[in-house]
Amino acid sequence: MSSETCLLQAHNLACERDDRQLFRGLSLTAHAGECWQIVGPNGAGKTTLLRVLAGLFTHYDGELHWHLSGDFREHLLFIGDRPGMRAELTPLENLNWLNALHGLDDADPWPALASAGLRGFEDVPLTQLSAGQKRRASLARLWLGEQKVWILDEPFAAVDAAGVATIETRLADHAAAGGLVLYTSHHAVGSEVRRLELGP
Amino acid sequence: MTGFAPTLARELRLGLCARAEIINPLFFFLMVVTLFPLGLDPEPDLLRRIGPGVVWVAALLAVMLSLDQLFRRDYESGALEQLLVAPVALYFPVLARLLGHWLLTGLPLVVLSPVLGGLFALPAAVLDELALSLLLGTPILTVVGAIGAALTTGLGRGGMLLALLVLPLYVPVLIFGAGVVGRSLAGYDVDAVFALLGALLALAVSLGPLAVAAGLRISSGD
Amino acid sequence: MWNWLKKWYHKLGSPRYFYEITGAWLPWVWPLAVLTLGAGLVWGLAFAPPDYQQGNSYRIIFIHVPAASAALLGYVAMGVAGLVALVWRMKMAEIMIKAIAPFGATLAAIALITGAIWGKPTWGTWWVWDARLTSMLILLFLYLGVIALQNAITDPRQAGRAAGLLAVVGVINVVIVKYSVQWWNSLHQGSTIRMTEESTMPPEMLTPLLISMAGFYLLFACIVLVNARSEVLWRERRANWVRRELSNVL
Amino acid sequence: MYFESFADFLEMGRHGFYVWTAYGVSLALIVTNLVAMVHRRRQVRAEIRRASRREEAVENHPRNEQSS
């Protein structure tokens, strides 16, 4: 992987949360086209690391550089452990809001929701959807934007086997198309996924 | 692409489907105001003197209580996280959020205030000044209260803490707001006080959302 | 001068250096504070002449005015520390807010209590809705707000930054409150009831007042520095310089 | 010294009660702060020493399965 496709350089990251050392001396160089699986026992700081990479959590030591043009958040799709959507609203309303925030005004949420397996549930308030369906609603964004970097926290949680397969192929396609995927899960996507171990 | 319009649209939609959030502050406002004549003495001269102050304190408490849950569901659902990760200056979505919330809670108080003014035997001439003072004042209360709400979002039950943080910040607004009607009842000219309220409003609208944005970042772990 | 200030700003910004340098200052500042405060109060209580109108009750001024001005100065300092904590993300600034708040609130309470007690012989009532006393009451609530917020948040960094933001907003509010309360006060009972302005005081009363003011500021500085140093040790307890510092010091 | 005698100093022409109450309350509040300050200082130092002693104990002779 040549250096100019290097998207992320993290050097000697260390994070302490509530008096516990989560991780220390963590370095990571990620290039376009790669898919990173972040593994580690519960409480090892996987979610915290994702939030550090997404710029949501800034109390860490060490250096972190995104080699992306302009505001790195323009190229970032972050789906955290929470759905990121208001339960009172329908997937359509939520996605329209999220698209507008990311300047994707022309992106059509209908096909994306269909690919995420929510055909027929597009305008049902999230409160009436199952946990798996709620997860699919937030994962519908994988088919919406053209953000280069995806940071996903447990994307396969509460998703059935069929859903796992579709998401898996989507992640692989995105990496193959020159994107970068960083996700936490115990489920490996394809053979050449790179693993980042956290924990003691 | 400032995120203002979509957030305002979303906020109004959210507000309308959670109708209780609109009605509760209104009922609270009505009830608190009716307590005073019961607790004191319904004699018109007394009511006229305490009227503006009572209406203003009730409005102030109603706005503050409606703010306690302002960002909580956004925080718990992760929507707040998405707002922080979006490539957008937080000022605009926050301003839209506050405007939406004010339209659903502050404005109804303004519309209702002449009725309550009547309960306190306030002369008709003063009622429009009361309404105007609330029209200028309630947005300030919303913005300043939102700073406290942003800071207590991450905490479980912010209620009492929010009051402790925000009530001292409400004092100048209360003094000038209630003072307007008091002064005009006493026959003085009140343009200067309206100007002061307007100045506070300008300060709140311009700097407030920045403080709210900073508060939201801090509450979500920044 | 400017880069001298910047040098000190960065040096004091590092908790370890702050701990060491203030450790050297404290043995000198403590006696200075006690002496100045003692001298100011004793002079004001025993040697200054009584006020021709109020008699001896005005001697309360030697504790009321210094406490009030130190409380206000403390809040402004907290506001500045809050700004530094937010903009430059300096850990030391957060620690300073935590160190200033408790004694600042105490000083505001002292100013209130002494002001109220002073009102009794002078105007016959325990509480007077005087502009300065009312502003001091609101300042006390602002202090309590910062302390309450800090205790409500468990994560120290988050608590520090949240308190910092509240302190910055509070400082802006203190200025507005001061003028709005003065306007409100002039509105309702005219300005007949006013605490004696210290500027019109004769020198034999003004000198002890200024000395006890200096005494209060020094005492405030000492308490803040000691609290800040304890907080530095606690926040840096995982660092080995803290372990070394404590292991050889018995 | 403005006052003739120490008793007169305490009396302060019928204002003594107010002056000394004000000073007494203020002194009490200041002393509480000083006591809290010293207590916090000792508590922090003791806790850190205890923590470092505990860690040394674990490092020197780990008592769990590694040693068996």
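Sequence lines set the chain letters: A, B, ... in the order given, protein chains first and strands last, and positions in each chain run from 1. Atom set for the values below is all heavy atoms of this structure, side chains included, hydrogens, waters and symmetry mates excluded. For clarity, every value in this text was computed on a predicted model and none was experimentally measured.
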> Non-hydrogen atoms of chain C under 4.5 Å away: do they reach the side chain of B/L196, the backbone, both or neither?
Replying inline: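 Answer is neither: B/L196 stays 4.5 Å or more from chain C.
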>> Does any backbone or side-chain atom of B/V193 lie under 4.5 Å from a heavy atom of chain C? Answer side chain, backbone, both or neither.
In response: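 Contact with chain C involves the side chain of B/V193 alone.
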>> At under 4.5 Å between heavy atoms, what parts of residues 66-97 of chain C are in contact with chain B? List them by residue number.
In response: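 Near chain B, by residue number: C/L86, C/R89.
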> Between B/L169 and C/V177, is a side-chain contact (heavy atoms from CB on, under 4.5 Å) present by the stated rule, with each step listed?
Replying inline: CA-CA 8 Å; B/L169 305 176; C/V177 160; over 6 Å; no
> For C/V174, is it the side chain, the backbone, both or neither that has a heavy atom under 4.5 Å from a heavy atom of chain B?
Replying inline: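 No part of it gets close to chain B.
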> Top residue by heavy-atom pair count (under 4.5 Å) with chain C, among B/I147, B/L167, B/V144, B/L165?
Replying inline: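 Winner by heavy-atom pair count: B/L165.
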Heavy-atom count around [X] [atom1] within 6.0 Å, excluding the residue itself: above 12?
X      : atom1 : value
C/K178 : NZ    : no
C/Y9   : OH    : yes
C/K6   : NZ    : no
C/R238 : CZ    : yes

>> If you compare all heavy atoms of C/F141 against all heavy atoms of B/P168, which two are closest, and at what distance to 0.1 Å?
In response: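 Looking at all heavy atoms of both residues, the closest pair is CB-CG, 3.7 Å.
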> Which heavy atom of C/S180 sits nearest a heavy atom of B/I175, and at what distance?
Replying inline: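 Minimum heavy-atom separation between C/S180 and B/I175: O-CG2, 3.6 Å.
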Determine all donor-acceptor pairs shorter than 3.5 Å in which one atom belongs to a side chain in residues 206-220 of chain B; sequence neighbours excluded.
unit_1: B/S206; atom_1: OG; unit_2: B/A202; atom_2: O; d: 2.8
unit_1: B/S206; atom_1: OG; unit_2: B/L203; atom_2: O; d: 3.0
unit_1: B/S219; atom_1: OG; unit_2: B/A150; atom_2: O; d: 2.4
unit_1: B/S219; atom_1: OG; unit_2: B/G215; atom_2: O; d: 3.1
unit_1: B/S220; atom_1: OG; unit_2: B/L216; atom_2: O; d: 3.1
unit_1: B/S220; atom_1: OG; unit_2: B/R217; atom_2: O; d: 3.3

> Checking side chain to side chain contact (heavy atoms under 4.5 Å, CB included) against C/L149, which of B/L164, B/L151, B/L162 comes through?
Replying inline: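 Option passing the side chain to side chain contact (heavy atoms under 4.5 Å, CB included) with C/L149: B/L151.
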